[in-house]
Number of protein chains: 2
Amino acid sequence: MTDNDAISTSERKRGSGVKMVYDLLRDEILDLVLPPGSPIDEVQLAERFKMSRTPIREALVRLAGEGLIDTLPNRSTMVSNIDFLNMHTFFDALVLMYRVTTRLAAQYHRIEDLQVIRGHQAEFAAAVAAQDALAMIATNAAFHSAIADAGRNAYFTGLFNRLLDEGRRILRLYYQSYEDRLPQRFVDEHEDIIAVIAARDTEAADRLATIHAEQIVQQIQKLFARGGKLNIAL
Amino acid sequence: MTDNDAISTSERKRGSGVKMVYDLLRDEILDLVLPPGSPIDEVQLAERFKMSRTPIREALVRLAGEGLIDTLPNRSTMVSNIDFLNMHTFFDALVLMYRVTTRLAAQYHRIEDLQVIRGHQAEFAAAVAAQDALAMIATNAAFHSAIADAGRNAYFTGLFNRLLDEGRRILRLYYQSYEDRLPQRFVDEHEDIIAVIAARDTEAADRLATIHAEQIVQQIQKLFARGGKLNIAL
DNA sequence: TGCATAATTTTTGTCGACAAATAATATGCA
DNA sequence: TGCATATTATTTGTCGACAAAAATTATGCA
């Protein structure tokens, strides 16, 4: 029960309510503020945001469309679970999208894209230097998302961003273990990836992205094998 | 203005209205009964289905989430356009998903999956024999979708099904030219693909799927180059 | 007491109505 | 007549209320 996210009722612009609820709920789900299985109560949200149930429901329909919440008809709706049993399907998809988007970035990027990518890389390096695990997760995702954008294929960027979101949820479960030496290696690999993209070397981009992605996957799998404790209450 | 799709108002079950509107609009969009750019009028739909605007709007939000309609705030909503300029991104994604899903099917399928796949292949062959172009499109999509299901990766099947839907819209524009000899070749290639899946030969599956997909892409691109006339009024 | 059925409460899905935002039309003035 | 402003009309977004479905609690009977 945090205090009010609500704006004085009629101070709000006419279609902004839905987006506000959608964005905030999405963040709370991905940050595990609302852990998997949390019940979503429409009237509670309506009171919290000081609006009627209609815009709340629209936001929920959108979230359900992205698979972030599950709605059983005439029954409660709740934050969707993380499918640990089929985690390998997530890894398969993630590695492939890392490869494909990086390859396409090498092929289709424009010069101005590199500026954006380098900006995210700088933020990622700063997060590593500061040993801020949550910032690492966020800036790493932004870095790779920017690369995907440079590849200019909306179908791939769409799936990739979904995967990065899901990865954000998974990593939140284990982020304390990101304090070892590996992140510095990621920084270096990012630099190499930027270089081959700038050189438009598609094969090298594919190769480096594959290695990089598999390293990340191994990192996560190691955490699972170690049976890492969740540091967020479920 | 076709006649009523409506059921006597209170004869309808409680959450079925949304699904009905969603399914029907989706079909009409993919079949180009509602061509790109068609305006979507909420009150008109509400009258047509004899229900209030609320469930109509929910169906529209879902469709917008899948990119099938575009909604500009406080303004009209319309069927989304087909992006002919970036068609190559569609082809790239389609070919890759053909490859990946077929490869995974060879790796992870269960015996009962093959029954389903063979069933769709039989229907496809029948459509080719009958020279029914629309049925070819539908059964071909069902065949490959079943292969994707056998690969058991929800991330890939999700994207793939979206691509097949979009392809359905594109092919509708040109389906008259499907009456030449190529389809029989597709039937044969399908048989080969089934064989390598059953043999769990992932490399061969990858190779055959690539060839098959690129053939389909070339077929479509030839139609574009030929400047084929649209046989549906825009 | 134990269990099946009935009454109550809670929550979701739908409705009709109103208000804001935009489009369309009309009015006034040079 | 031509154009800017004002008026009207249309359409979307939001609201409060009601009804159906399910969950919960209460009641009756052995």
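By convention in this document, chain letters (A, B, ...) are assigned in the order of the sequence lines, proteins followed by strands, and residues within each chain are numbered from 1.
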Distance-minimising heavy-atom pair for A:Tyr98 and A:Ala209: O-CB, 3.6 Å
Spacing of A:Ile56 atom CD1 relative to C:dT11 atom C1', expressed in whole Å: 15 Å
Spacing between B:Lys19 atom NZ and C:dG13 atom C1', to the nearest angstrom: 17 Å
Whole-Å gap separating P (C:dT12) and CD (A:Gln44): 11 Å
Parallel, tilted or perpendicular, as decided by the 30° and 60° cut-offs, for the rings of B:Phe143 and B:His190: parallel
Nearest-Å distance for atom pair CG/P, residues B:Asn74 and C:dA23: 10 Å
Minimum-distance nucleotide (side-chain atoms of B:Asp41 versus C:dT12, D:dT12, C:dT14): D:dT12
Test of ring centre spacing under 6.0 Å for A:His144 and A:Phe124: no
Protein-nucleotide distance (A:Lys50, atom NZ; D:dT14, atom P), rounded to Å: 17 Å
B:Arg53 side chain, from C-beta outward: closest of D:dT12, C:dT14, D:dC15: D:dT12
B:Glu58 CD to C:dC15 P, straight-line distance once rounded to whole Å: 12 Å
Intermediate values then yes/no, side chain to side chain donor-acceptor pair (under 3.5 Å), A:Asp149 and A:Thr157: CA-CA 6 Å; A:Asp149 287 340; A:Thr157 56; 4.9 Å; no
Contact under 4.0 Å: B:Ser52 side-chain N or O vs C:dC15 OP1/OP2: yes
Spacing of A:Leu72 atom CG relative to D:dA21 atom P, expressed in whole Å: 16 Å
Closest nucleotide among D:dT12, C:dT12, D:dT14 to the A:Val43 side chain: C:dT12
Nearest to side-chain heavy atoms of B:Thr54, which nucleotide of C:dC15, C:dT12, D:dT14: C:dC15
Length of the line joining B:Glu42:CD and C:dT14:P, which is rounded to integer Å: 15 Å
5'-most by nearest nucleotide on DNA chain D - A:Pro73 or A:Met51: A:Met51
Electrostatic pair A:Glu42:A:Arg57 at N-O distance under 4.0 angstrom: yes
Short side-chain N/O contact to C:dG13 OP1/OP2 from A:Arg57, under 4.0 Å: yes
First encountered from the 5' end of DNA chain C, between A:Thr71 and A:Arg14: A:Thr71
